There are 2 protein chains.
Amino acid sequence: MPRTVRCPVANALDLVGDKWTLLIVRDLLRGNTRFSQLRMTVEGIPPAVLADRLRLLEDAGVVVRRQYSEHPPRSEYLLTGKGHGLGVVVGALATWSEKYAESDLTLVDHECGHGLNVVYHCPTCERRAPRSRVRMVGR
Amino acid sequence: MPRTVRCPVANALDLVGDKWTLLIVRDLLRGNTRFSQLRMTVEGIPPAVLADRLRLLEDAGVVVRRQYSEHPPRSEYLLTGKGHGLGVVVGALATWSEKYAESDLTLVDHECGHGLNVVYHCPTCERRAPRSRVRMVGR
DNA sequence: GAGGGTTGGTTCAGATTTTGAACTTACTGT
DNA sequence: ACAGTAAGTTCAAAATCTGAACCAACCCTC
């Protein structure tokens, strides 16, 4: 199979480019791990869609299914490291949405209580990178 | 109309929760402003979908349509401030995708040349907020 | 031990959306 | 006059989503 060079954004959107997947991730981040909890907290998701997305997320290594009862079979879904990494994406969406649409929810730092943004950061130089300096390059 | 309190993430996904919209934003960020350019660079997008999404983005105030020729009617699409704000979401997706899937593209700081992450930042304290301290709260 | 509730799903038909291909209109350039 | 380009529109077929109902296996209470 000739592996085509694909934009990482397009790759990511193959998995999370739909209405529901990131809402599921949001609630898994909140600690809702069971089917029934997700069904209640992910606003109006049809159970068939929830089951399908959890399967896709499991295939992608974003969640792991852990069976906490064998009879009857009962599973819960836990985010992997890869899954927790999506938290920043969810955070970025929340930050953007709050800034440009009125909303009753904010992301805050639990310690200082202040509102948060999501920004670019260079781990090597240990400083922020303003958007104007960001480029997407081949390597 | 009874305005229900909605999660900002869900609000954002109403607009950008699909396969194409963030790819269009990505290319507008790159400076591709015309229909024909987007059609070529947004990998295989059907023109009907492109036209539809540009309409939705315009309605949402993410892009403005500027007519650069009246006869024949020719428009280009420019990101507003709100639209540029979505850059961080695109960046977060790219960063995540690179970290957890192999890819040939990276986000770098144009100045120092180093790879970038997307992180939480408290503008009041001027410091980063680790993911563990981030909470979503009502205000 | 009968009935009711919970959990983690599946099934299915109908509605909606997406897709790909072709087509259109109004120019421009040769 | 002819080919080409730009910015879309149109349409039928295919894929996907939605909502509602259903199910099996438990647990609890009476």
Side-chain angles (χ1 to χ4, degrees), chain A residues 4 6 9-25 27-28 30-60 62-79, chain B residues 4 6 9-25 27-28 30-60 62-79:
Chain A
T4 37
R6 282 259 284 162
V9 179
N11 281 329
L13 290 174
D14 282 344
L15 182 65
V16 301
D18 81 304
K19 208 171 75 172
W20 300 112
T21 306
L22 285 177
L23 293 178
I24 295 171
V25 171
D27 286 348
L28 290 170
R30 280 179 185 166
N32 298 343
T33 60
R34 298 193 179 174
F35 197 91
S36 55
Q37 290 179 308
L38 293 170
R39 192 176 169 174
M40 285 184 300
T41 56
V42 179
E43 33 279 86
I45 191 170
V49 173
L50 179 54
D52 179 66
R53 294 303 187 280
L54 286 171
R55 257 190 301 270
L56 293 175
L57 287 173
E58 195 188 1
D59 291 348
V62 167
V63 305
V64 285
R65 186 186 303 249
R66 200 180 69 85
Q67 202 147 331
Y68 65 88
S69 146
E70 203 153 2
H71 282 287
R74 292 282 179 270
S75 326
E76 62 183 347
Y77 299 89
L78 302 170
L79 287 170
Chain B
T4 38
R6 281 257 285 162
V9 179
N11 282 328
L13 289 174
D14 281 344
L15 181 65
V16 301
D18 81 305
K19 210 170 73 170
W20 299 112
T21 306
L22 286 177
L23 294 178
I24 296 170
V25 171
D27 286 347
L28 290 170
R30 280 180 185 163
N32 297 344
T33 60
R34 298 195 179 172
F35 196 91
S36 54
Q37 289 179 309
L38 294 169
R39 193 177 172 173
M40 286 185 298
T41 56
V42 179
E43 33 278 86
I45 192 171
V49 173
L50 178 54
D52 179 67
R53 294 305 187 278
L54 286 171
R55 254 189 304 270
L56 292 175
L57 288 173
E58 195 188 0
D59 291 348
V62 167
V63 304
V64 284
R65 188 186 301 246
R66 200 180 68 85
Q67 203 146 334
Y68 65 88
S69 145
E70 202 152 2
H71 281 287
R74 293 284 178 266
S75 325
E76 63 183 345
Y77 299 89
L78 302 170
L79 287 170

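Letters A, B, ... are given to chains in the order of the sequence lines, protein chains preceding strands, and every chain is numbered from 1. Model, not experiment: these values are computed from the prediction.
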Options [options], nucleotide nearest the side-chain atoms of [X]:
X        : options                  : value
Arg55(A) : dT19(C), dA6(D), dT10(C) : dT10(C)
Phe35(A) : dG9(C), dG8(D), dA6(D)   : dG9(C)
Ala51(B) : dG8(C), dA7(D), dG8(D)   : dG8(D)

Passes side chain to side chain contact (heavy atoms under 4.5 Å, CB included), Val63(A) versus Ile24(A)? Steps please. CA-CA 11 Å; Val63(A) 305; Ile24(A) 295 171; over 6 Å; no
So, taking the atom named [atom1] in [X] and the one named [atom2] in [Y], what distance separates them when rounded to the nearest 0.5 Å?
X        : Y        : atom1 : atom2 : result
Glu76(A) : Ser69(A) : CD    : OG    : 11.0 Å
Ile45(A) : Lys19(A) : CD1   : NZ    : 9.5 Å
Leu38(B) : Met40(B) : CG    : CE    : 9.0 Å
Leu23(A) : Asp27(A) : CG    : CG    : 7.0 Å

N/O (side chain, Ser36(A)) to phosphate O (OP1/OP2, dG8(C)) under 4.0 Å: yes
Output yes when at least one side-chain N/O atom of Trp20(B) is less than 4.0 Å from OP1 or OP2 of dT17(C), else no. no
Which atom of [X] lies closest to which atom of [Y], heavy atoms considered:
X        : Y        : answer
Thr21(B) : Leu57(B) : CG2-CD2, 3.6 Å
Trp20(A) : Arg53(A) : CD1-NH2, 4.3 Å
Thr33(B) : Leu28(B) : CA-CD2, 4.2 Å

Answer with base, sugar-phosphate or nothing: what part of the nucleic acid does Ser75(B) contact at a heavy-atom distance below 4.0 Å? sugar-phosphate
Can you list the residues that meet the side chain to side chain donor-acceptor pair (under 3.5 Å) rule with Arg65(A), with sequence neighbours excluded? Glu58(A), Tyr77(A)
Between the protein and nucleotides 13-16 of chain D, list every N/O to N/O distance that falls short of 3.5 Å.
none

Between [X] ([atom1]) and [N] ([atom2]), how many Å, whole number?
X        : N       : atom1 : atom2 : answer
Asp18(B) : dT18(C) : CG    : C1'   : 11 Å
Lys19(B) : dG20(C) : NZ    : C1'   : 12 Å
Leu50(A) : dT18(D) : CG    : P     : 12 Å
Tyr68(A) : dA25(D) : OH    : C1'   : 13 Å
Arg66(A) : dG8(C)  : CZ    : P     : 12 Å
Leu54(B) : dG8(D)  : CG    : C1'   : 11 Å
Gln67(B) : dA7(D)  : CD    : P     : 11 Å
Glu76(A) : dG8(C)  : CD    : P     : 9 Å

What is the per-nucleotide protein-contact pattern of nucleotides 21-30 of chain C, from the 5' end, where B denotes a base atom under 4.0 Å from a protein heavy atom, S denotes such proximity for sugar-phosphate atoms only, and - denotes neither? -----BS---
